[in-house]
Amino acid sequence: MASAESQPRFGQSVKGLLSDKVGSCSGDTIALTRQVLKGSRSQELLGQAARNMVMQEDSILHSEDSLRKMSIITTHLQYQQEAIQKNVEHSKNLQDQLRHLLK
């Protein structure tokens with residue numbers, strides 16, 4: 001009789017262990033699903049960051065090109081300013097000479 005009584009207890013303990021294992025596996029499956037979804041979201045964010053970086057790189061290259069052009073324009077404007085200053089000095093000399101002649 002002892003074995004007949006122990007059989008249901010053994011069955012109940014196995015069912016309990018099995019139920020615990022199924023619950024644990026379900027929890028692990030849910031955790032794994034969350035990690036996969038989080039990894040998928042991370043991949044999306046990394047892809048978006050890479051696209052943004054490429055766009056910024058293009059903007060930086062465009063800005064660099066614009067700065068190079070502005071530097072060239074600045075140099076030309078400096079040459080023109082120097083030429084204008086020389087012409088103003090020259091015209092002052094001519095005005096002085098003209099005044100001297102008219103006296």
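Start at 1 with the first residue, then count along the sequence. No experiment lies behind these values; they were computed from the predicted model shown.
To the nearest 0.5 Å, the span separating OG on Ser91 from CG on Asp96 amounts to 9.5 Å. Taken to the nearest 0.5 Å, the CZ atom of Arg41 stands 10.5 Å off from the CG atom of Leu46. In this structure, the separation between CG on Leu67 and CD1 on Ile60 is 11.5 Å, given to the nearest 0.5 Å. Between the CG atom in Asp28 and the CD atom in Gln35 there is a gap of 11.5 Å [rounded to 0.5 Å]. Between Ile84 atom CD1 and Lys86 atom NZ the span is 12.5 Å, to the nearest 0.5 Å.
For the pair Gln48/Leu45, a side-chain contact is recorded, criterion being any heavy-atom separation below 4.5 Å from C-beta on.
A donor-acceptor distance shorter than 3.5 angstrom exists from the side chain of Thr74 to the backbone of Met70, with no hydrogens or angles considered. Within the 3.5 Å criterion, the main-chain N or O of His62 finds a donor-acceptor partner in the side chain of Ser66. Using a distance-only test at 3.5 Å, with no hydrogens or angles considered, a donor-acceptor pair links the side chain of Ser63 to the main chain of Ser59.
Under the rule for a salt bridge (charged side-chain N to carboxylate O under 4.0 Å, His left out), Glu57 has no partner lying at least two apart in sequence or in another chain. Every residue two or more places apart in sequence or in another chain was checked for a side-chain hydrogen bond (donor to acceptor under 3.5 Å, both in side chains) with Arg34, and none qualifies. Residues passing the salt bridge (charged side-chain N to carboxylate O under 4.0 Å, His left out) test with Lys92: none are found, sequence neighbours excluded.
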For this session: Check step by step if side chain to side chain contact (heavy atoms under 4.5 Å, CB included) holds for Leu94 and Gln97.
Result: CA-CA 5 Å; Leu94 288 176; Gln97 289 177 3; 3.9 Å; yes
For this session: Take Leu61 and Glu64 through the side chain to side chain contact (heavy atoms under 4.5 Å, CB included) test and state the conclusion after the steps.
Result: CA-CA 5 Å; Leu61 291 174; Glu64 184 181 12; 3.8 Å; yes
